[in-house]
Trainee: 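Please find one structure pasted underneath; my questions will follow.
Remember, predicted model here, so these are calculated numbers, not experimental data.
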Amino acid sequence: MTGDGQTYTNPVLNADWSDPDVVRVGDDFYLTASSFGRVPGLPLLHSRDLVDWTLVGHALERLEPEERFTAPRHDRGVWAPSLRHHDDRFWIFWGDPDQGIFQINAPEIRGPWSRPHLVKEGRGLIDPCPLWDDETGEAYLVHAWAKSRAGVNNRLTGHRMHPDGSSLLDAGKVIVDGDRIPGWFTLEGPKLHRHDGWFWILAAAGGVATGWQGAFRSRGFFGPYEERIVLEQKDTDVNGPHQGGWVRTRDGEDWFLHFQQRGAYGRVVHLQPMRWDADCWPLIGDAGAPVAVHRRPALPAQPPAAPATDDDFPGGRFGRQWQWTANPGAGWATQHSGDGLRLACVRSGDAHDLRRLPHVLTQRLPGEPCAVEVELHLDGAGPGARAGLAVLGDAFGWIGLECGPGGGVRLVHRFAETTADRERDAGPARPAPEGRARLRIDIGAGARCRFSYDVGAGLVPSGPVFAATPWRWVGALLGLFAAAPEGPGAAGAATFTHFRVTSC
């Protein structure tokens, strides 16, 4: 969110851009974030002022190995990437908690990006960050651990790395043990830097909802390291401010981008000023507390910008903001000569549980009150085929059209309020003449969602208020889908047009 032209207001990215990392190349800043099990993965954002960001693409076309991600794995896949620029190439390292540490690279931010390369195999290896030391010519890598897979956490392991980023040169050594620091737990998200003759690790601890940002420094990569807390909530309303990236402008200003966990909205991104004290320790925010409003970076003024949300689906193509909930299959979306997103009603045994469908097209839930609208036409559908607009998390709710047993199309509204809950009707089905409807969700404070529809007589409220919920590590998502129960014959298709998100 931008301010008055002289200041900015946090969060600067008010949606779920989890675990951000940032790099400057020339006058341009680039940011990536966790994408977990959604495809395409590794979003790439661009800014010239650190406040206004646009989504310019994704670095990961499909999750690998592909057979592991044919069904949704919402809390797995790409965790906490690090973005770097070295040897005239962009590099992204990330941890897949079930496979190990991967790396891809490209000559330009828009690619072409290399195929994922497994740098270190193993369960529980997460949050990797490389460093190429210009002073010595050596390369290093640090990573954290996921206790759910490895049985240990709260420690950082360091390695020497081959300069081409292809492999690690040793078995690794624990270089920071959080168990030896009183009061520290869940040490993770390390970002490795070289500055003023020190090796620096900026790392988070204390958990995503209540934690803090730590800084560690040592004259040698393998330690010993001394530590300080450099950013914490204090008396602000920014809970758990930590895990992000430090970047320096061309003129030498230092800034830090980090996330704040906000329940169904996921992990929104804040921008903090950063300076150095007399003992060469970083001071982030206002004396270690997050700022809500601050002077903008001393960078050329830019037009206000934010990642896109609206979409007219020209030629049947969807914008960069959309991601599937698993690796997509052939024929799920069809390009054509007109406007509108045409989704096939893919047959599935899980058609009544949106959490299990890989063919749901999603984008992030906005972090502020808004209204979401889309127009839908269900065409040539067989009995049980359905399509609609959804809010998707551990619980889900959707409103849309369904082909009844007699062939007529009706307006339906359904939800499941818990992970164990089966889909239920939120109200009676209603006729939808010509198989068309305008669908709307008004999302208020606390991600409380009110559904409504228009089948020709104006907007009509539908069902009770639905409270959106996150996934385990992921904020709630807005989704468009078309599905059908298993059976023979063509299931039909759905066409979505005029997708709009309007701030309230």
Trainee: How long is the span from the CZ atom in Arg436 to the CG atom in Leu411, to the nearest 0.5 Å?
Mentor: 14.5 Å
Trainee: Can you check side chain to side chain donor-acceptor pair (under 3.5 Å) on His413 and Asp425, steps first, answer last?
Mentor: CA-CA 6 Å; His413 178 192; Asp425 287 323; over 6 Å; no
Trainee: Can you tell which of Phe318, Trp324, Trp322 makes a ring-ring contact (aromatic ring centres under 6.0 Å, His included) with Trp332?
Mentor: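 Only match with Trp332 under ring-ring contact (aromatic ring centres under 6.0 Å, His included): Trp324.
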Trainee: Could you grab the distance from atom CZ of Arg73 to atom OG1 of Thr325, nearest 0.5 Å is fine?
Mentor: 13.5 Å
Trainee: When you look at CZ of Arg110, are more than 12 heavy atoms from neighbouring residues, nucleotides or ligands closer to it than 6.0 Å?
Mentor: no
Trainee: Quick one: pull up CG in Asp16 and CG in Leu365 and give me the separation to the nearest 0.5 Å.
Mentor: 9.0 Å
Trainee: Using ring centroids (six-membered ring only for Trp), state whether Trp398 and Phe481 fall under 6.0 Å.
Mentor: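 They qualify: ring centres under 6.0 Å apart.
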Trainee: Would you say the ring centers of Phe90 and Tyr30 fall short of 6.0 Å from each other?
Mentor: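 Yes.
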Trainee: Answer yes or no: is there a donor N or O on one side and an acceptor on the other, between the side chain of His336 and the main chain of Gly338, under 3.5 Å?
Mentor: yes
Trainee: With a cut-off of under 6.0 Å to the ring centre and 45° to the axis, is Arg364 in cation-pi contact with Trp17?
Mentor: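 Yes, a cation-pi geometry.
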Trainee: Nearest 0.5 Å, please: how far is CG in Leu376 from CG in Leu343?
Mentor: 9.5 Å
Trainee: What is the distance from atom CG of Leu439 to atom CG of Asp454, rounded to the nearest 0.5 Å?
Mentor: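 The CG atom of Asp454 is 9.5 Å from CG of Leu439, to the nearest 0.5 Å.
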Trainee: Is the shortest distance from a Lys or Arg side-chain nitrogen in Asp21 or Arg84 to a carboxylate oxygen in the other one below 4.0 Å?
Mentor: yes
Trainee: Salt-bridged, Arg450 to Asp442, with N to O below 4.0 Å?
Mentor: no
Trainee: So does Arg76 pair up with Asp96, basic N to acidic O under 4.0 Å?
Mentor: no
Trainee: Does Glu402 come within less than 4.0 Å of Arg410, counting only side-chain N to carboxylate O?
Mentor: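 A salt bridge links Glu402 with Arg410.
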Trainee: Please check if atom CD in Glu67 has more than 12 non-hydrogen atoms from other residues, nucleotides or ligands closer than 6.0 Å.
Mentor: yes
Trainee: Less than 4.5 Å apart, any side-chain heavy atom of Ser166 and any of His117?
Mentor: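 Yes, at least one pair of side-chain atoms sits under 4.5 Å.
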Trainee: Is the terminal nitrogen or CZ of Arg317 (NZ for Lys, CZ for Arg) located under 6.0 angstrom from the six-membered ring centre of Phe313 and within 45° of that ring's axis?
Mentor: no
Trainee: State, with a plain yes or no, whether a side-chain heavy atom of Phe396 is found less than 4.5 Å away from one of Glu417.
Mentor: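 No, side chains not in contact.
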Trainee: With heavy-atom distances below 4.5 Å as the criterion, would you say the side chains of Val412 and Tyr453 are in contact?
Mentor: no
Trainee: Rounded to the nearest 0.5 Å, how far apart are CG of Leu13 and CG of Leu257?
Mentor: 8.0 Å
Trainee: Could you give me the CA-CA distance, side-chain angles and deciding distance for Arg48 and Asp27, then say whether salt bridge (charged side-chain N to carboxylate O under 4.0 Å, His left out) is met?
Mentor: CA-CA 6 Å; Arg48 285 204 153 194; Asp27 294 323; 5.1 Å; no
Trainee: In the structure I gave you, are the side-chain heavy atoms of Leu389 and Leu480 within less than 4.5 Å of one another anywhere?
Mentor: yes
Trainee: Hey, does the side chain of Asp310 reach the backbone of Val501 with a donor-acceptor pair shorter than 3.5 angstrom?
Mentor: yes
Trainee: Under the 3.5 angstrom rule, does the side chain of Arg267 hit a backbone N or O of Asp19 as a donor-acceptor pair?
Mentor: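 Looks like no, no N/O pair under 3.5 Å.
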Trainee: Has the side chain of Asp52 got a donor or acceptor atom that lies under 3.5 Å from a matching backbone atom of Ala305?
Mentor: yes
Trainee: Ignoring hydrogens and angles, tell me if any N or O in the side chain of Asp49 forms a donor-acceptor pair with the backbone of Val51 under 3.5 Å.
Mentor: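 Confirmed, Asp49 side chain pairs with Val51 backbone.
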Trainee: Under 4.5 Å between any side-chain heavy atoms of Ile92 and Gln103, yes or no?
Mentor: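 Of all side-chain heavy-atom pairs linking Gln103 with Ile92, none is under 4.5 Å.
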Trainee: If I compare all heavy atoms of Pro130 with all of Met161, which pair ends up nearest, and what's the gap?
Mentor: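 So the two residues come closest at CB-CE, 3.8 Å.
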Trainee: Return yes if some donor-acceptor pair links the side-chain N/O of Asn327 with the main-chain N/O of Thr70 below 3.5 Å, else return no.
Mentor: no
Trainee: Charged N to carboxylate O below 4.0 Å: is that the case for Asp98 and Arg149?
Mentor: yes
Trainee: Taking the side chain from Asp311 and the backbone from Gly319, do they hold a donor-acceptor pair closer than 3.5 Å?
Mentor: yes
Trainee: I need the minimum non-hydrogen distance between Ala468 and Val391, along with the two atoms involved.
Mentor: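 Reported closest heavy-atom pair: CB-CG1, 3.6 Å.
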Trainee: May I have the step-by-step check of side chain to side chain donor-acceptor pair (under 3.5 Å) for Asn239 and Gln261, ending in yes or no?
Mentor: CA-CA 7 Å; Asn239 61 293; Gln261 172 65 38; over 6 Å; no
Trainee: Answer with yes or no whether the side chains of His270 and Gln260 bring together a donor and an acceptor at under 3.5 Å.
Mentor: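 Yes, a side-chain donor-acceptor pair sits under 3.5 Å.
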Trainee: Considering all heavy atoms of both residues, which atom of Phe102 and which atom of Pro116 are nearest to each other, and what is their separation?
Mentor: CD2-CB, 3.8 Å
Trainee: Is there a side-chain contact between Glu373 and Arg438 (heavy atoms, below 4.5 Å)?
Mentor: yes
Trainee: Between His258 and His242, is the ring centre distance below 6.0 Å?
Mentor: no
Trainee: Report yes or no: does Gln99 contribute a side-chain atom to a donor-acceptor pair with the main-chain N or O of Glu64 at less than 3.5 Å?
Mentor: yes
Trainee: Taking it one step at a time, do Arg386 and Glu423 satisfy salt bridge (charged side-chain N to carboxylate O under 4.0 Å, His left out)?
Mentor: CA-CA 13 Å; Arg386 71 256 297 273; Glu423 180 182 86; 3.2 Å; yes
Trainee: Counting only heavy atoms from other residues, nucleotides and ligands, does the tally under 6.0 Å from CD of Glu108 exceed 12?
Mentor: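 No - once you tally the heavy atoms of other residues, nucleotides and ligands closer than 6.0 Å, there are 12 at most.
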Trainee: Work out which heavy atom in Arg430 is nearest to a heavy atom in Ser462; give both atom names and the distance.
Mentor: NH1-OG, 4.1 Å
Trainee: Going by side-chain contact (heavy atoms from CB on, under 4.5 Å), name the residues that satisfy it together with Ala203, two or more places apart in sequence or in a different chain.
Mentor: Leu156, Leu187, Pro190, Ile201, Phe216
Trainee: Are any of the side-chain heavy atoms of Pro107 and Asp88 separated by less than 4.5 Å?
Mentor: no
Trainee: Taking the side chain as every heavy atom from C-beta outward, state whether Arg262 and Asn14 have any atom pair closer than 4.5 Å.
Mentor: yes
Trainee: Under the 3.5 angstrom rule, does the side chain of Thr54 hit a backbone N or O of Ala306 as a donor-acceptor pair?
Mentor: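 Not at all, since once roles are kept as given, no pair shorter than 3.5 Å links the two residues.
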Trainee: Is a donor on one side and an acceptor on the other found under 3.5 Å between the side chain of Asn105 and the backbone of Trp91?
Mentor: no
Trainee: Does the ring centre of Trp246 sit less than 6.0 Å away from the ring centre of Phe256?
Mentor: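 No, too far apart.
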